[in-house]
Amino acid sequence: MSLPEISTSTDKKFSLLGITCSRDTLLGCFFQKCLDTGITGKLIGMLVVSLLGFALLITFNTVALQRIADRNHVIRDIAIPQYKISQYILRNINGFKISLIYTLNAQQLKEDNRNILANERRLGDLKTMISALQNGGPVLDVAKVANKTLDVFTVQKSTDPDMNTLVASLAQESSILDQAFHALTECLINQCPAEKKETLTTDLTGSLDKLYNLVITMAVASNNQHTDQFTKLDDIITTTSSRSLFIGICIAVILAVATLLYILLIATPLQDILKKITWIAKGDSERCQKITVKSNDEVGQLAHQLNIMVDNSFSLNTFKAIIEEEESTTEVNQRLAHLLCDRYHLDKLYIYEITGTKNNMSVAYASNFDNVCSPEIFDDSNFCRAKRTGHDISSLEFPEICKKFPHGDRFEHHCTPMMANGKVVGVVQLLLERGSSTEEREKFEYLVKRASRYIKEATPVIEAKRFASALQETTLRDPMTDLYNRRFLETYSDTLVASTMRRATKVGILMCDMDFFKEVNDTYGHETGDVVLIKTAEVLKSCVRASDMVIRYGGEEFVILLIDVKNDQDILDLAERIRSTMELTVINVPDGTLKKTLSIGASNFPGDTEGFWEAIKFADVALYRAKNEGRNRVVRFSPEMWEQDKY
């Protein structure tokens, strides 16, 4: 997993009003912002969208109800009362006509004639009805014969100009009718001439017909208005129902989509996170697959951080398992260095090891040997502040904190001690270019903290391998002479043979034995014998090269392996130099001084034989020949010394 702080992106970005995102379209940016919004924001967004939908639904229904109320008002307070009044007026006109017939057929009329009075009442009711139409108000429909109120209702003035014009015509015609009726009544009471009576009767009936037609027109208009309002009510109800259904479906779809997104972006990742945490709790982190991060909200960030945590844990466990399988501390240090370079790009890295017994420090890994620390710390590791204190030392936090750091003009440094069993066994030094930006410095410190976990994991492994190596070293060395012992030779022989055969070179073998050593122990004691052996070991080591190996083979016997010799003469020359040096060496012992001599047998591998141990035996055979010939001499093995067919 790449680190977010050091990753780069080449995605296209969309910018609007100072807001940028990784999408290249407005719609894509919108969806990306919605995904990246926090859980609280998502829930608030769902709530706001739902409330807006319900508010829109309530608004539409409220407007529809208001329109229905308006239509209902027109029907209830205008259209129906108008129609009732028109029917009431028509009934009055019919009654007026009947009473008029009786009046015209009467022989002698008086002012208190009941038909005349009835028509006057009808004319009064007509004026009342027309006044209610013009101005609005209550209307009483009373049965005259039974003297009972049939209906009581209120009519409001119409807002229709045509209806108001029709009502005005009714009022005008009603006034003409009233005048014509009173003129005819006066004529009939005063018994006017027949011609005048006929003229007045014609005028009255004509006025009645006009009024009747106007009322019929009003009744039809009221009925049409009533029907039209009901049609509009049906349209309003149908339209409102459709809109309400559409808005309801939209809200349901939005809530369904929001629920699916909630499941996809919140519930499902949380289940994956729970499953991964369960695996981690069971110690089965290797089964944990990477959680897909689809958003940058709290759940996305939680999944991302859990991925990082598991990746780090898996990486740490894998790293520890790998370094535990390495053969040496050098390989572990190299593995640690390569991981820190590859994973955290800490390419200016140095690892220093502390020598267990001598308190020296050596370079275990260096990215560039020109920038290693002060030479003083190699001779005495206590000059290293991190080693001496056991604490991290950072020049970023405390400038010039380490007086021994020699590259302060070019680099900042952070030194991390490698602590094992309460002591410092090494130091990891990380460098940063001096003059780096604040962002780079903060990033460096962050990466150092991340790297410290791997350093802590590597430290006990390094110490364990050092301890194992030291323990093995003690089993392969003779504690008294500090020479390799016979066990070392047995362990190393296969490697030596393979190397010699691969390079097609020769190994000279010298088998050395001290002459009359038993007399030293018998005469001077074993302590003096030990001094003699130690001095002999020193002489042998002083005569050979650094690449050669001196081995205490057992008792007073020593084997010297001369690596990559050119010929037998070189072997014999070196053997003679060893013999003569030993012969001239004065050994100081508690009771005075001694001089001792060596007998040496020489052989050549693979010149004498292709078997390494057989070559050792040949050198031993030559040694015994030297002993038999008088000691203090060098004898080269020859085939006639070995009479057996096989070793």
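For the numbers below, each heavy atom of this structure counts, side chains included, while hydrogens, waters and symmetry mates do not. Source: prediction; values computed, not measured.
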Does any donor atom in the side chain of D564 or T505 lie under 3.5 Å from an acceptor atom in the other side chain?
yes
Does the distance from a Lys or Arg side-chain N to an Asp or Glu carboxylate O, for D409 and R434, drop under 4.0 Å?
no
Residue pair R631 / F516, side-chain heavy-atom distance below 4.5 Å:
yes
H413 meets the ring-ring contact (aromatic ring centres under 6.0 Å, His included) criterion, sequence neighbours left out, with F405
Determine the interplanar angle of the F444 and H414 rings, folded into 0 to 90°, and report it as parallel if under 30°, tilted if 30 to 60°, perpendicular if over 60°.
perpendicular
Is the backbone N or O of A615 less than 3.5 Å from a side-chain atom of S603, with the two atoms forming a donor-acceptor pair by type?
yes
Charged N to carboxylate O under 4.0 angstrom, K518 versus D522?
yes
So Y352 and Y350, would you call those rings parallel, tilted or perpendicular, with 30° and 60° as cut-offs?
parallel
Exceeds 12 heavy-atom contacts within 6.0 angstrom, atom CD of E576
yes
Quick one: list whatever passes salt bridge (charged side-chain N to carboxylate O under 4.0 Å, His left out) with R388, sequence neighbours left out.
none
Name each donor-acceptor pair under 3.5 Å that joins a side chain in residues 547-555 to protein atoms two or more places apart or in another chain, with its distance.
{"unit_1": "D548", "atom_1": "OD1", "unit_2": "R545", "atom_2": "NE", "d": "3.4"}
{"unit_1": "D548", "atom_1": "OD1", "unit_2": "R545", "atom_2": "NH2", "d": "2.7"}
{"unit_1": "D548", "atom_1": "OD1", "unit_2": "I563", "atom_2": "N", "d": "3.0"}
{"unit_1": "D548", "atom_1": "OD2", "unit_2": "R545", "atom_2": "N", "d": "3.1"}
{"unit_1": "D548", "atom_1": "OD2", "unit_2": "R545", "atom_2": "NE", "d": "3.0"}
{"unit_1": "R552", "atom_1": "NE", "unit_2": "G555", "atom_2": "O", "d": "3.0"}
{"unit_1": "R552", "atom_1": "NH1", "unit_2": "D478", "atom_2": "OD1", "d": "3.3"}
{"unit_1": "R552", "atom_1": "NH1", "unit_2": "D478", "atom_2": "OD2", "d": "3.2"}
{"unit_1": "R552", "atom_1": "NH2", "unit_2": "G555", "atom_2": "O", "d": "3.1"}
{"unit_1": "Y553", "atom_1": "OH", "unit_2": "R486", "atom_2": "NH2", "d": "3.2"}

How about E557 and D620: do any of their side-chain heavy atoms sit closer than 4.5 Å?
yes
Minimum side-chain heavy-atom gap N360-I354 below 4.5 Å:
no
Identify the residue among K596, K627, R633, R579 that makes a salt bridge (Lys or Arg N to Asp or Glu O under 4.0 Å) with D515.
K627
Can you confirm whether the side chains of N371 and R410 place a donor and an acceptor under 3.5 Å from each other?
yes
